[in-house]
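A short worksheet on the structure shown next.
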There are 2 protein chains.
Amino acid sequence: MIQLSDATAAAIAERFKALGEPMRLRLLQALRTGECSVGDLARRVGGGQANVSKHLQVLQAQGYVDRRKEGTTSWYRITDPQVFTMCELVCGGLEEELDRKRKLLRRRR
Amino acid sequence: MIQLSDATAAAIAERFKALGEPMRLRLLQALRTGECSVGDLARRVGGGQANVSKHLQVLQAQGYVDRRKEGTTSWYRITDPQVFTMCELVCGGLEEELDRKRKLLRRRR
DNA sequence: TTCTTATATTACCATATAGTTGAATAGTAT
DNA sequence: ATACTATTCAACTATATGGTAATATAAGAA
């Protein structure tokens with residue numbers, strides 16, 4: 001992390017916030033296998049089409065995905081594969097956190 | 001990323017969401033040099049005491065920081081240094097994103 | 001005891017956002 | 001032309017959350 005001016009802190013936070021939503025994480029995972037249309041994604045992750053479209057725009061605004069239009073359909077794809085590195089890191093942290101909580105529970109018995 | 005059941009997607013999202021807030025990022029950075037009290041942090045990052053306290057609890061709930069009480073003061077410290085790896089990753093993404101936007105602007109002239 | 005000091009908690013307000021509905025836009029086919 | 005499909009946009013509701021103020025709790029000092 002750098003010095004963190006107000007502007008950079010806000011920019012970094014926006015990038016994290018875009019990943020702080022279950023459906024957006026599912027969309028990213030669905031896109032992991034390759035380019036998908038909005039309709040495909042809505043069917044695969046389960047959700048209204050308009051809602052999926054909105055979430056995809058959030059991901060695009062942060063540069064995680066990119067869009068390509070072909071006729072009436074929009075094809076979205078991952079542009080920043082490092083997002084998965086981040087997910088793996090946060091998953092690792094999750095497991096440690098679960099371990100920590102389990103130990104706390106054991107101590108309290 | 002794994003299969004992403006509803007529960008795991010929600011848990012991962014919570015972890016990202018905790019980092020999706022400018023003040024929490026500043027708190028983490030302030031803690032990078034070592035253990036700090038709530039009052040110290042409030043002075044260093046600039047913010048009300050109650051607000052800082054609340055944000056620290058969010059970070060603690062996600063296991064990013066831990067607390068140690070000594071008299072009336074609470075000492076917080078980083079428990080998961082990998083959070084900084086994540087920040088570096090997201091910063092890298094930020095720069096790429098800025099580059100991308102700069103190129104788009106250039107193309108439009 | 002009373003008076004600080006440090007932190008946490010509660011209640012409240014204002015804003016942000018996820019989700020839905022319906023309309024608008026645009027392409028394609030008949 | 002109409003009809004159908006795919007997506008986006010706009011408006012709305014409900015909920016979540018950041019910030020603040022006041023209070024509560026707790027520890028130490030005078």
Side-chain angles (χ1 to χ4, degrees), chain A residues 4 6-31 34-62 64-77, chain B residues 4 6-31 34-62 64-77:
Chain A
L4 273 199
D6 284 4
T8 54
I12 297 171
E14 280 304 303
R15 255 180 101 76
F16 277 123
K17 203 182 333 186
L19 301 181
E21 223 286 326
M23 168 157 312
R24 286 198 285 267
L25 292 179
R26 280 195 290 267
L27 287 171
L28 287 172
Q29 192 191 17
L31 286 168
E35 212 176 31
C36 287
S37 71
V38 178
D40 286 348
L41 287 169
R43 255 169 270 121
R44 286 175 60 184
V45 310
Q49 184 259 348
N51 195 27
V52 167
S53 177
K54 268 208 307 192
H55 281 302
L56 286 168
Q57 282 171 65
V58 173
L59 290 172
Q60 190 190 19
Q62 295 302 319
Y64 290 120
V65 304
D66 203 0
R67 181 173 60 179
R68 174 175 72 85
K69 300 202 98 177
E70 188 183 80
T72 64
T73 105
S74 288
W75 297 93
Y76 283 88
R77 62 183 170 77
Chain B
L4 274 198
D6 284 4
T8 54
I12 298 172
E14 281 304 303
R15 256 180 100 76
F16 277 123
K17 203 183 332 185
L19 301 181
E21 223 286 327
M23 167 155 315
R24 287 200 284 269
L25 292 178
R26 279 195 290 266
L27 287 171
L28 287 173
Q29 193 193 16
L31 285 167
E35 212 176 32
C36 287
S37 72
V38 178
D40 286 347
L41 288 169
R43 255 169 271 122
R44 285 176 59 186
V45 309
Q49 179 263 335
N51 196 26
V52 166
S53 178
K54 269 208 308 191
H55 282 301
L56 286 168
Q57 282 170 65
V58 173
L59 291 172
Q60 191 190 18
Q62 294 302 319
Y64 290 119
V65 304
D66 203 359
R67 181 173 60 178
R68 174 176 72 85
K69 300 202 94 178
E70 191 182 81
T72 65
T73 105
S74 289
W75 296 94
Y76 283 88
R77 62 184 170 77

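- One interatomic measurement links the two molecules: CG of B/L19 to P of D/dG18, which rounds to 12 Å at whole-angstrom precision.
- Look at CD on A/E21: it is 11 Å from P on D/dT17, rounded to the nearest Å.
- Within the 3.5 Å criterion, the main-chain N or O of B/A30 finds a donor-acceptor partner in the side chain of B/R44.
- In this structure, CD of A/E35 is placed 15 Å from C1' of D/dA6, rounded to the nearest angstrom.
- A heavy-atom distance below 4.5 Å is found between the side chains of A/D6 and B/R26.
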Listing time: all N or O pairs from protein to nucleotides 6-10 of chain C that are below 3.5 Å?
{"unit_1": "C/dA6", "atom_1": "O4'", "unit_2": "B/T72", "atom_2": "OG1", "d": "3.0"}
{"unit_1": "C/dT7", "atom_1": "OP1", "unit_2": "B/V38", "atom_2": "N", "d": "3.1"}
{"unit_1": "C/dT7", "atom_1": "OP2", "unit_2": "B/G39", "atom_2": "N", "d": "2.8"}
{"unit_1": "C/dT7", "atom_1": "O3'", "unit_2": "B/S74", "atom_2": "OG", "d": "3.0"}
{"unit_1": "C/dA8", "atom_1": "OP1", "unit_2": "B/R67", "atom_2": "NH1", "d": "2.5"}
{"unit_1": "C/dA8", "atom_1": "OP1", "unit_2": "B/S74", "atom_2": "OG", "d": "3.1"}
{"unit_1": "C/dA8", "atom_1": "OP1", "unit_2": "B/Y76", "atom_2": "OH", "d": "3.1"}
{"unit_1": "C/dA8", "atom_1": "OP2", "unit_2": "B/S53", "atom_2": "OG", "d": "2.9"}
{"unit_1": "C/dA8", "atom_1": "N7", "unit_2": "B/Q49", "atom_2": "NE2", "d": "3.1"}
{"unit_1": "C/dT9", "atom_1": "OP2", "unit_2": "B/Q57", "atom_2": "OE1", "d": "3.1"}

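- A/N51 has its side chain within reach of A/H55: a pair of non-hydrogen atoms, C-beta onward, lies under 4.5 Å apart.
- Atom CG in A/D6 sits roughly 15 Å away from atom C1' in D/dG18 (whole-Å rounding).
- Atom-to-atom, CE of B/M23 to P of D/dT20 comes out at 8 Å; the value is rounded to the nearest Å.
- If you measure from atom CZ of B/F16 to atom P of D/dT17, you get 17 Å, rounded to the nearest angstrom.
- Residues B/W75 and B/D40 have side chains in contact (heavy-atom distance under 4.5 Å, counting atoms from C-beta outward).
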Practice task
Report the C-alpha separation of A/L19 and A/R15 in whole Å, then their side-chain angles, then the decisive distance to 0.1 Å, and conclude whether the side chain to side chain contact (heavy atoms under 4.5 Å, CB included) test is met.
Solution key: CA-CA 7 Å; A/L19 301 181; A/R15 255 180 101 76; over 6 Å; no

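- Between the CZ atom of A/R68 and the P atom of D/dT8 there is a distance of 13 Å, rounded to whole Å.
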Exercise for the section: List the steps, then state whether side chain to side chain contact (heavy atoms under 4.5 Å, CB included) holds for A/K17 with A/E14. Expected result: CA-CA 5 Å; A/K17 203 182 333 186; A/E14 280 304 303; 3.4 Å; yes

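- Place A/G71 and A/G47 on DNA chain C by their nearest nucleotides, and A/G47 ends up nearer the 5' end.
- Within the structure, every side-chain polar atom (N or O) of A/H55 is placed at least 4.0 Å from both OP1 and OP2 of C/dT17.
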